[in-house]
S.K.: 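Handing you this structure, nothing more for now.
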Protein chains: 2
Amino acid sequence: MALGDLERSVMDLLWDRPGPHTANEVRDTLAGDLAVTTVLTVLSRLEKKGLVQRDGGRRPHRYGAVSSREDHTVGLLNEVLGSVPDRQAVLARFLGGIGPDEAAAVRRLLED
Amino acid sequence: MALGDLERSVMDLLWDRPGPHTANEVRDTLAGDLAVTTVLTVLSRLEKKGLVQRDGGRRPHRYGAVSSREDHTVGLLNEVLGSVPDRQAVLARFLGGIGPDEAAAVRRLLED
DNA sequence: GACATATTCTACAGCACGTAGAAAAGAAGG
DNA sequence: CCTTCTTTTCTACGTGCTGTAGAATATGTC
């Protein structure tokens with residue numbers, strides 16, 4: 001599920017700042033001057049997409065990211081890789097394109 | 001630039017079959033019963049997106065993919081990775097999630 | 001030139017997203 | 001309990017993208 005610009009900004013905010021947030025906090029932290037209802041709409045859509053979870057126990061409700069930015073991004077990577085018949089071939093081209101420093105890092109990451 | 005379902009089908013077709021194709025060939029190969037104009041519209045949009053190139057020398061025009069499916073997909077991967085502040089952290093989680101066989105393949109791919 | 005074929009223009013419906021007002025629901029204080 | 005403030009939900013609209021294709025135009029063939 002692709003994200004729009006504002007949805008993305010909200011997710012970035014939730015990822016960057018720890019803990020659950022109220023809609024008003026999100027609005028105050030976001031750039032620009034949005035209405036709270038706008039933020040609430042976006043948060044609801046993100047919730048429906050499974051990216052945000054809401055604590056609706058007490059008011060105001062608190063919102064937080066369901067998974068980390070890294071896990072979410074890995075999901076995107078696998079989605080992209082799933083759209084292709086030869087995953088290996090793509091990885092080959094990808095690895096061929098990364099710099100030597102990053103290649104070393106990848107090698108290091110594979111020790112386990 | 002994200003692709004719609006039909007756009008994706010057309011790209012898959014151009015990637016799977018070699019050589020440039022006419023709009024009619026594309027239409028005949030695609031599932032469903034689309035009008036040629038539909039196919040032409042999609043091909044034009046894909047051309048505008050830089051994914052398809054057209055040989056408009058003789059009629060009917062011939063269309064082909066600009067880059068391989070693998071190169072295009074690598075571009076998508078890098079786009080996804082570019083949206084994140086810590087690329088390395090995402091790669092770490094990604095590599096942690098792949099199977100041992102694929103990890104071995106990646107290791108092998110890094111020999112060069 | 002008449003006819004067949006191919007391409008471009010124009011158009012529209014559906015959907016996702018940014019955006020927010022109006023209405024409803026809940027809290028808080030007197 | 002009644003009023004008032006805050007928060008949430010409903011509803012709505014403009015825009016841009018995509019699937020879809022007819023109408024109009026251009027090009028090739030005989």
Side-chain angles (χ1 to χ4, degrees), chain A residues 1-15 17 19-66 72 75-76 79-80 83, chain B residues 1-15 17 19-66 72 75-76 79-80 83:
Chain A
M1 206 88 67
L3 299 185
D5 289 345
L6 182 53
E7 290 175 331
R8 177 75 204 189
S9 298
V10 169
M11 287 312 300
D12 277 336
L13 192 157
L14 294 181
W15 279 322
R17 321 222 160 196
H21 295 269
T22 69
N24 272 303
E25 285 167 9
V26 170
R27 187 211 41 192
D28 292 343
T29 311
L30 276 175
D33 190 24
L34 297 171
V36 203
T37 51
T38 299
V39 173
L40 280 163
T41 301
V42 169
L43 284 169
S44 290
R45 288 178 182 164
L46 289 171
E47 192 188 13
K48 184 174 304 176
K49 292 182 186 185
L51 294 185
V52 156
Q53 77 193 108
R54 164 194 332 223
D55 171 12
R58 60 197 152 302
R59 262 159 168 246
H61 297 174
R62 310 300 163 108
Y63 299 85
V66 164
H72 174 253
L76 292 183
E79 199 179 312
V80 167
S83 73
Chain B
M1 205 90 68
L3 298 186
D5 289 345
L6 181 54
E7 290 175 331
R8 176 76 204 186
S9 298
V10 169
M11 287 313 299
D12 277 336
L13 191 158
L14 294 181
W15 279 323
R17 322 223 158 195
H21 294 270
T22 70
N24 271 303
E25 285 167 10
V26 170
R27 187 211 43 193
D28 292 343
T29 311
L30 277 175
D33 191 23
L34 297 171
V36 203
T37 52
T38 299
V39 173
L40 280 163
T41 301
V42 169
L43 285 169
S44 290
R45 289 176 183 166
L46 289 170
E47 192 189 12
K48 184 175 305 176
K49 292 183 186 184
L51 294 185
V52 156
Q53 78 195 109
R54 162 193 333 221
D55 171 12
R58 58 198 153 303
R59 261 162 172 242
H61 298 173
R62 310 301 163 107
Y63 299 84
V66 164
H72 174 254
L76 292 183
E79 198 177 313
V80 167
S83 75

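A note on names: the letters A, B, ... follow the listed sequences, proteins ahead of strands, and every chain is numbered from 1. The analysis underlying the following values was restricted to heavy atoms, covering all of them including side chains, and did not include hydrogens, waters or symmetry mates.
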S.K.: Name the nucleic acid region contacted by A:Thr41, choosing base, sugar-phosphate or nothing; use a 4.0 angstrom heavy-atom cut-off, strictly under.
M.R.: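 The answer is base, as A:Thr41 lies within the cut-off (heavy atoms under 4.0 Å) of a base atom.
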S.K.: Between A:Leu40 and A:Ala23, which heavy-atom pair has the shortest distance, and what is it?
M.R.: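 Distance-wise, the nearest heavy atoms are CD2-CB, 3.5 Å.
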S.K.: Which parts of residues 52-60 of chain B get close to DNA chain C, meaning a heavy atom less than 4.0 angstrom away?
M.R.: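 Those residues are B:Arg54, B:Arg59, B:Pro60.
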S.K.: Return no unless some side-chain N or O of A:Asn24 is found under 4.0 Å from OP1 or OP2 of D:dT6.
M.R.: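 So the side-chain polar atoms of A:Asn24 never come under 4.0 Å of the phosphate oxygens OP1 or OP2 of D:dT6.
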S.K.: Which part of the nucleic acid does A:Lys48 contact within heavy-atom distance under 4.0 Å: base, sugar-phosphate only, or nothing?
M.R.: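 No contact.
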S.K.: Of all heavy-atom pairs between B:Tyr63 and B:Leu14, which one has the smallest distance, and what is that distance?
M.R.: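 It is O-CD2, 4.0 Å.
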S.K.: Strictly below 4.0 Å, heavy-atom distances to any atom of DNA chain C: list the hits from residues 26-36 of chain A, or just say none.
M.R.: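 Output list: A:Leu34, A:Ala35.
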S.K.: So which nucleotide from D:dT20, D:dT8, D:dA12 ends up closest to the side chain of A:Ala23?
M.R.: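 Minimum distance to the A:Ala23 side chain belongs to D:dT8.
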S.K.: How would you list, by chain and number, every residue that makes a salt bridge (charged side-chain N to carboxylate O under 4.0 Å, His left out) with A:Glu47, sequence neighbours excluded?
M.R.: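 Applying salt bridge (charged side-chain N to carboxylate O under 4.0 Å, His left out) to A:Glu47 gives A:Arg54.
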S.K.: Got a sec, which residues hit side-chain contact (heavy atoms from CB on, under 4.5 Å) with B:Arg45, two or more places apart in sequence or on another chain?
M.R.: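 B:Arg45: side-chain contact (heavy atoms from CB on, under 4.5 Å) contacts with B:Glu7, B:Thr41.
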S.K.: Give the first and the last nucleotide of DNA chain C, reading 5' to 3', that has any atom under 4.0 Å from a heavy atom of chain A.
M.R.: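 Reading along DNA chain C, I get C:dC17 to C:dG26.
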S.K.: If you assign A:Thr38 and B:Leu40 each to the DNA chain C nucleotide with the nearest heavy atom, which residue ends up on the more 5' nucleotide?
M.R.: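 The residue closer to the strand's 5' end, by nearest nucleotide, is B:Leu40.
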S.K.: Taking C-beta and beyond as the side chain, do B:Val42 and B:Val26 meet within less than 4.5 Å on heavy atoms?
M.R.: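 Sidechains of B:Val26 and B:Val42: no contact.
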S.K.: CG of B:Leu43 versus C1' of D:dA21: gap in Å, rounded?
M.R.: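 The answer, rounded to whole Å, is 15 Å.
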S.K.: Which residues pass the salt bridge (charged side-chain N to carboxylate O under 4.0 Å, His left out) test with A:Arg8, sequence neighbours left out?
M.R.: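 Salt bridge (charged side-chain N to carboxylate O under 4.0 Å, His left out) list for A:Arg8, sorted by chain: A:Asp12.
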S.K.: Ignoring hydrogens and angles, write down the donor-acceptor pairs under 3.5 Å from the side chains of residues 30-38 of chain B, residues two or more places apart or on other chains.
M.R.:
none

S.K.: Report the residues that fulfil side chain to side chain donor-acceptor pair (under 3.5 Å) with A:Arg62, sequence neighbours left out, ordered by chain and then residue number.
M.R.: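 With sequence neighbours excluded, A:Arg62 shows a side chain to side chain donor-acceptor pair (under 3.5 Å) to no residue whatsoever.
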S.K.: Using the test ring-ring contact (aromatic ring centres under 6.0 Å, His included), find all partners of B:His61 that sit at least two apart in sequence or belong to another chain.
M.R.: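 Counting only residues at least two positions away or on another chain, B:His61 forms no ring-ring contact (aromatic ring centres under 6.0 Å, His included).
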S.K.: Report yes if at least one side-chain N or O of A:His61 is closer than 4.0 Å to OP1 or OP2 of D:dT8; otherwise report no.
M.R.: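 A:His61 to D:dT8 OP1/OP2: side-chain N or O found under 4.0 Å.
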S.K.: State, to 0.1 Å, how close B:Leu43 and B:Val52 come at their nearest heavy-atom pair, and which atoms those are.
M.R.: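 Minimum heavy-atom separation between B:Leu43 and B:Val52: O-CG1, 4.3 Å.
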S.K.: Please identify each residue that fulfils salt bridge (charged side-chain N to carboxylate O under 4.0 Å, His left out) with A:Asp28, with sequence neighbours left out.
M.R.: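 In terms of salt bridge (charged side-chain N to carboxylate O under 4.0 Å, His left out), with neighbours along the sequence ignored, A:Asp28 is linked to no residue.
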S.K.: Compare all side-chain heavy atoms of B:Leu76 with those of B:Val80 and state whether any distance is below 4.5 angstrom.
M.R.: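 No, side chains not in contact.
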S.K.: Return the residues of residues 3-15 of chain A meeting this criterion: a heavy atom under 4.0 Å from some atom of DNA chain D. Order them by number, or give none.
M.R.: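 Contacts with DNA chain D under 4.0 Å: none.
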S.K.: Heavy atoms only: give me the nearest A:Trp15-A:Ala65 pair and the separation to one decimal.
M.R.: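 The answer is NE1-CB, 3.6 Å.
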